[in-house]
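Step one of this worksheet: look at the structure below.
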Amino acid sequence: MFEKEKNKLEIRIKDYLKKEGINESQLEFRQIPFSGEWGLAIPLFPIAASEARSGKKVIVPQRAQQLAQGIKDDLGELEEFSHIDAVNGYLNLYFSTSKYAQRVVDTVLEEGEHYGKGENLGKRVMVEYSQPNTHKSFHVGHLRNVILGGSVCRLLEFAGYDVIRANYLGDIGLHVVKWMWNYLENHRGEEPGENKTHWMNDIYAEADRLYQDPENEAEVRELYARWNAKEPEVVALWKKTRQWSLEGFEQIYDQLGESFDRIYFESEVEEPGVKLVEEMVKDGLAQDLRPDEPVIINLDDYAGTEDEYRVLVLLRSDGSSLYATKDLPLAIKKFEEYDFDRSIYVIDVRQSLYLKQIFKTLEILGYDWADKLYHLAYELVNLPGNVTMASREGTVVLFDDLMAEATRRAREIVEQKNPEVSETAKNDIAEAVALGALKYTMLSRDNTKIVTFDWDAALDFNGQAAPYIQYAHVRAESILRKAGGRLPGEASFPSELVKAEVDLIELLTRLPQEVLKAAEELRPLGVANLAFDLAKGFNDFYNTCQVLNVEPEVRAYRLRLVAAAQQVIATSLDLLGIKAPSVM
RNA sequence: GCCCCUGUAGCUCAAAUGGACAGAGCACUGGACUUCUAAUCCAACGGUUACAGGUUCGAGUCCUGUCAGGGGCGCCA
């Protein structure tokens with residue numbers, strides 16, 4: 001936002017530095033980190049240090065301060081800045097607040113929901129996320145994946161990428177056959193109820209228990225063989241039941257506000273995968289050790305490394321497929337279909353080595369786009385005591401159970417805070433708050449950090465949490481509503497702003513850079529933090545500055561500031577996939 | 001045995017990618033509703049950034065080692 005000022009300064013400062021005998025210098029612009037202050041900060045340490053390195057006898061901190069002072073004296077008075085300080089080796093330039101405050105607010109209001117948005121980059125990024133297994137549950141561990149993947153997609157889109165959302169469903173394998181066996185055995189003819197995923201999971205969990213019995217296991221194996229042989233009856237059942245799962249997932253994605261452009265199925269890449277592996281064997285790339293051992297590729301041999309890529313098993317000794325068998329053709333298919341500039345796999349950290357192997361294998365196969373594949377790893381959601389969530393162990397918190405409880409609690413609070421709004425509005429608010437809280441918990445910690453799921457923490461709506469941010473948004477909208485819904489078209493800002501105003505305006509300027517950073521690093525955390533800071537800044541402003549009951553000139557500029565804050569809070573929440581309600 | 005991640009306030013987490021006095025929330029203590037929604041705000045309390053070295057003008061951040069926790073490593077997904 002301040003490129004013009006920065007460029008102008010840079011020229012003048014470099015001129016000064018040249019006079020000091022410093023020809024090559026990289027200027028670094030930062031924000032002044034003091035609350036209530038607003039402007040550009042330039043550390044002079046790097047320049048002093050490079051002088052020291054080039055043999056000049058200087059003491060770096062002293063020299064930095066000396067340079068800062070020299071530049072300050074050389075610059076004299078500048079129109080854009082109220083005052084300039086040379087302190088601790090930094091050159092601090094404080095904005096003339098009225099002019100810049102107005103520019104920030106005007107820019108936000110003019111650009112509206114596009115404020116902070118990047119130019120179209122003409123680059124295509126595919127993001128694969130969610131990847132649930134059909135016929136199974138959808139638990140809180142899966143939730144982190146969808147929330148992270150969804151937010152990353154939004155960030156990339158906002159940053160200017162063309163994003164393709166892909167999902168990859170595990171629709172084949174032993175778990176499916178177990179499910180079908182139990183269905184035929186104990187639930188024949190039944191249909192899913194309202195909540196399809198939960199129902200599917202109950203049958204699966206039961207199947208898994210029954211499978212422990214060797215007799216049942218034998219029956220499952222037999223059904224597996226019939227299914228492999230593509231017996232029409234079994235295939236028909238598979239398709240029908242898979243559809244139930246898909247509809248169940250659709251319910252969940254709707255609720256989460258996610259949708260996909262392309263859904264891949266494991267079943268569609270299995271055959272191509274087996275063929276590909278056979279070819280790799282024929283070409284001498286893979287070693288076929290059957291019948292006693294599987295088909296493998298020794299990646300360290302190709303990479304010239306030791307214990308880095310290890311051995312990847314491509315096909316079981318009985319000829320049946322593995323994950324790797326299918327992930328190779330899947331990657332190829334994705335590239336053929338979408339010709340992406342980048343392909344991101346949102347998958348938990350345990351698969352880091354595995355994906356590294358897949359990418360390496362594709363490289364060995366000669367696909368020059370293999371370097372465009374990227375594994376976005378994130379840590380698990382565990383239960384207290386570091387217990388991993390697993391349907392088979394019964395150690396899971398199902399998404400719909402959590403969602404129902406969170407919504408119920410949110411609903412109670414709405415009832416208490418806002419008894420006069422309509423029932424449907426109450427439900428909408430409760431859902432937005434509950435879902436927002438769940439999402440924010442996942443997004444406001446780093447991808448590399450394990451989330452320990454705890455009911456009390458997950459359902460705590462206080463403090464640094466989505467409802468706090470949503471509430472700030474509600475307050476802003478409320479003021480705007482009471483003002484009559486019309487904003488003054490223009491308003492000049494006074495030269496003296498109070499601290500809360502300056503802080504809030506400074507926060508507004510941070511959105512574009514945070515979005516850029518978050519998209520680049522595939523890390524929504526910074527935006528999550530900014531959303532909270534904005535809300536805090538707004539609440540502080542709300543508390544210290546009257547908007548409606550003040551003189552017209554003050555009312556005018558503050559109304560515009562409120563509108564700008566409302567916009568930026570809404571945008572940052574939107575990037576996190578969190579709804580910004582008008583009332584709560 | 002090798003590789004990856006984590007270790008910051010009692011608890012849960014931040015920290016503009018090496019910069020100014022390490023910041024929030026929760027919990028605890030005290031205060032603020034007749035004024036734009038108190039799902040709010042203010043104040044106080046709380047730190048040798050696991051430990052030991054090193055690099056640097058400057059290290060929570062980079063390097064080496066140690067300790068602790070988690071994860072991964074030929075036919076699970």
Side-chain angles (χ1 to χ4, degrees), chain A residues 28 30-34 41 43 45-46 48-49 52 58-64 87-90 92 131 133 170 173-175 266 289-290 292-298 306-318 320 322-324 348-354 356-357 377 379-380 382 386 388 410 413-414 416-418 433 441 444-452 454 457 460-465 467-468 470-472 474-476 478-483 510 513-514 517 521 525-526 528-529 532-533 535-536 539-540 542-550 558 562 583-584:
Chain A
E28 196 183 325
R30 302 172 162 270
Q31 284 146 291
I32 297 172
F34 311 120
F45 296 99
V58 294
I59 299 163
V60 173
Q62 279 177 23
R63 178 60 173 161
V87 54
N88 293 338
Y90 289 85
N92 290 340
Q131 311 113 328
N133 283 329
L174 183 59
H175 73 276
E266 257 188 83
L289 307 175
R290 288 179 290 181
D292 296 332
E293 286 189 74
V295 180
I296 61 163
I297 177 166
N298 189 334
E306 203 170 323
D307 275 357
E308 192 181 340
Y309 291 96
R310 306 241 167 199
V311 167
L312 180 62
V313 179
L314 295 168
L315 204 60
R316 283 201 187 91
S317 49
D318 67 3
S320 62
L322 292 157
Y323 247 34
D348 81 62
V349 68
R350 290 175 302 183
Q351 306 212 26
S352 294
L353 174 61
Y354 168 71
K356 200 169 136 182
Q357 292 178 321
E379 266 291 357
L380 301 180
N382 285 345
N386 245 322
T388 309
I413 300 172
V414 186
Q416 177 194 326
K417 304 280 178 195
N418 244 319
V433 168
T441 306
S444 62
R445 74 195 55 204
D446 225 328
N447 299 339
T448 53
K449 291 257 169 74
I450 294 173
V451 172
T452 301
D454 174 67
D460 189 358
F461 298 153
N462 295 314
Q464 183 163 1
Y468 177 90
Q470 291 170 314
Y471 183 62
V474 164
R475 281 176 144 185
S478 177
I479 290 178
L480 297 172
R481 249 194 327 272
K482 293 224 158 100
R510 275 171 45 189
Q513 70 212 45
E514 285 299 340
K517 199 175 89 172
E521 298 176 346
L525 176 62
N529 284 339
F532 175 74
D533 289 344
K536 196 169 167 53
N539 277 330
D540 187 22
Y542 183 94
N543 223 260
T544 46
C545 302
Q546 281 289 311
V547 178
L548 297 177
N549 310 315
V550 289
R558 282 190 179 160
V562 170
V583 180
M584 66 186 268

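Every chain is numbered from 1, with letters handed out A, B, ... down the list of sequences.
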Report all interatomic pairs (protein N or O, nucleotide N or O of nucleotides 60-63 of chain B) with separations under 3.5 Å.
none

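With sequence neighbours excluded, no residue forms a salt bridge (charged side-chain N to carboxylate O under 4.0 Å, His left out) with A:D454. The salt bridge (charged side-chain N to carboxylate O under 4.0 Å, His left out) test applied to A:D540 returns no partner, not counting sequence neighbours. Every residue meeting the side chain to side chain contact (heavy atoms under 4.5 Å, CB included) condition with A:N462, not counting sequence neighbours, appears here in chain and number order: A:D460. With sequence neighbours excluded, the residues that form a side chain to side chain donor-acceptor pair (under 3.5 Å) with A:E266 are A:K326. Judged as a side chain to side chain contact (heavy atoms under 4.5 Å, CB included), and not counting sequence neighbours, the contacts of A:P43 are A:E28, A:R30, A:F45, A:P46, A:Y90. Annotation: side chain to side chain donor-acceptor pair (under 3.5 Å) contacts of A:N386 (sequence neighbours excluded): A:N382. In terms of the side chain to side chain donor-acceptor pair (under 3.5 Å) criterion, residue partners of A:Y468 (sequence neighbours excluded) are, by chain and number, A:N539. For A:S317, there are no side chain to side chain donor-acceptor pair (under 3.5 Å) partners two or more places apart in sequence or in a different chain.
Going from atom CZ of A:R475 over to atom P of B:rC36 covers 10 Å, rounded to whole Å. Regarding A:R445, its CZ atom lies at a distance of 13 Å from the P atom of B:rA15, rounded to whole Å. Rounded to an integer number of Å, the gap from A:N539 CG to B:rC41 P is 5 Å. With rounding to whole Å, A:N447 atom CG is found 16 Å from B:rG71 atom C1'. Protein atom CG of A:D318 is 13 Å distant from nucleotide atom P of B:rC75, rounded to whole Å. Residue A:E28 contributes atom CD, which lies 17 Å from atom P of B:rG58 at whole-angstrom precision. Residue A:D446 contributes atom CG, which lies 16 Å from atom P of B:rU12 at whole-angstrom precision. Whole-Å rounding puts the A:D540 CG to B:rC36 P distance at 18 Å.
Across the C1' atoms, B:rC36 and B:rG70 are found 50 Å apart, a figure rounded to whole Å. Comparing the same atom, C1', in B:rC33 and in B:rA20 gives a spacing of 39 Å after rounding to whole Å. Using atom C1' as the reference point in both B:rU8 and B:rA24, the two lie 13 Å apart (nearest Å). Taking the P atom of each, B:rU49 and B:rG31 are spaced 35 Å apart, rounded to whole Å.
Within the 4.0 angstrom heavy-atom criterion, no nucleotide atom of any strand lies near A:P43. Residue contacts shown for A:L548 include a base, since a base heavy atom lies under 4.0 Å away. Residue A:S320 is out of contact with every strand shown, counting any heavy-atom pair closer than 4.0 Å. Within the nucleic acid shown, A:V58 has no heavy atom closer than 4.0 Å to any nucleic acid atom. If you check every strand for non-hydrogen atoms under 4.0 Å, A:V474 touches a base. A:V414 comes within contact range of at least one nucleobase, with a heavy-atom separation under 4.0 Å. Nucleic acid contact class of A:A465 (heavy atoms, under 4.0 Å, all strands): none. Residue-level contact check: A:Q62 touches neither bases nor backbone, having no heavy atom under 4.0 Å from any strand. Note on A:N92: a base of the nucleic acid sits closer than 4.0 angstrom, heavy atoms only. Residue-level contact check: A:F532 touches the backbone only, with heavy atoms under 4.0 Å from sugar-phosphate atoms and none from bases. Within 4.0 Å (heavy atoms only), A:Q31 reaches at least one base atom of the nucleic acid. Within 4.0 Å (heavy atoms only), A:I59 reaches no atom of the nucleic acid at all. Residue contacts shown for A:N382 are absent, as no nucleic acid heavy atom lies under 4.0 Å away. Within 4.0 Å of A:D292, counting heavy atoms only, lies at least one base atom of the nucleic acid.
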* Base-pair map of RNA chain B as dot-bracket, where | denotes pairing with a different strand and pairs are Watson-Crick or G-U under 3.5 Å -> (((((((..((((.....[...))))..((((.......))))......(((((..]....))))))))))))....

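Taking all atoms of both residues into account, the shortest heavy-atom contact from A:Q31 to A:Q513 is OE1-NE2, 3.3 Å.
Comparing B:rU35, B:rA20, B:rC42 by their nearest atom to the side chain of A:Q546 picks out B:rU35. Among the nucleotides B:rC36, B:rA14, B:rU40, the one closest to any side-chain atom of A:L525 is B:rA14. Here B:rC36 is the nucleotide among B:rG72, B:rC75, B:rC36 with the atom lying nearest to any side-chain atom of A:S478. Among the nucleotides B:rC75, B:rA14, B:rC42, the one closest to any side-chain atom of A:K536 is B:rC42. With B:rA77, B:rG74, B:rA38 as the choices, the nucleotide that has an atom nearest any side-chain atom of A:Y323 turns out to be B:rA77. Of the candidates B:rG74, B:rA20, B:rA77, the closest approach to any side-chain atom of A:Q351 belongs to B:rA77. Closest to the side chain of A:I296, from the set B:rU40, B:rC73, B:rG74, is B:rG74.
Not one side-chain nitrogen or oxygen of A:Y542 sits closer than 4.0 Å to the OP1 or OP2 atom of B:rU35.
Looking at A:R558, its side chain does come within 3.5 Å of a backbone N or O of A:Q546 through a donor-acceptor pair. At distances below 3.5 Å, not a single donor-acceptor pair connects side-chain atoms of A:Y323 with backbone N or O atoms of A:Y354.
Positionally, the nearest nucleotide of RNA chain B for A:E514 lies more toward the 5' end than for the other of A:E514 and A:G170. Between A:R481 and A:R350, the residue whose closest nucleotide on RNA chain B is further toward the 5' end is A:R481.
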* To do: Would you give a per-nucleotide map of nucleotides 2-9 of chain B, 5' to 3', where B means the base has a protein non-hydrogen atom under 4.0 Å away, S means only the sugar-phosphate does, and - means neither?
  => B--SSS--

* Base, backbone or nothing for each nucleotide of nucleotides 26-31 of chain B, written B, S, -, heavy atoms under 4.0 angstrom, 5' to 3'? -> S-----

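With its glycosidic angle within 90° of 0, B:rG74 is assigned syn. In textbook terms, a nucleotide whose glycosidic angle is within 90° of 0 is syn, while B:rC5, being further out, is anti.
Electrostatic pairing of A:D348 and A:R350 counts as a salt bridge here, judged by a charged N lying under 4.0 Å from a carboxylate O. Under the 4.0 Å criterion applied to side-chain N and carboxylate O atoms, A:R445 and A:E379 are not assigned as salt-bridge partners.
Between A:V583 and A:R481 there is a side-chain heavy-atom pair separated by less than 4.5 Å.
An aromatic stacking contact between A:F45 and the base of B:rG58 is absent, as defined here by ring centres under 5.5 Å apart and ring planes under 30° from parallel.
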* Can you list the steps and then say if A:N298 with A:Y309 is a side chain to side chain contact (heavy atoms under 4.5 Å, CB included)? -> CA-CA 8 Å; A:N298 189 334; A:Y309 291 96; over 6 Å; no

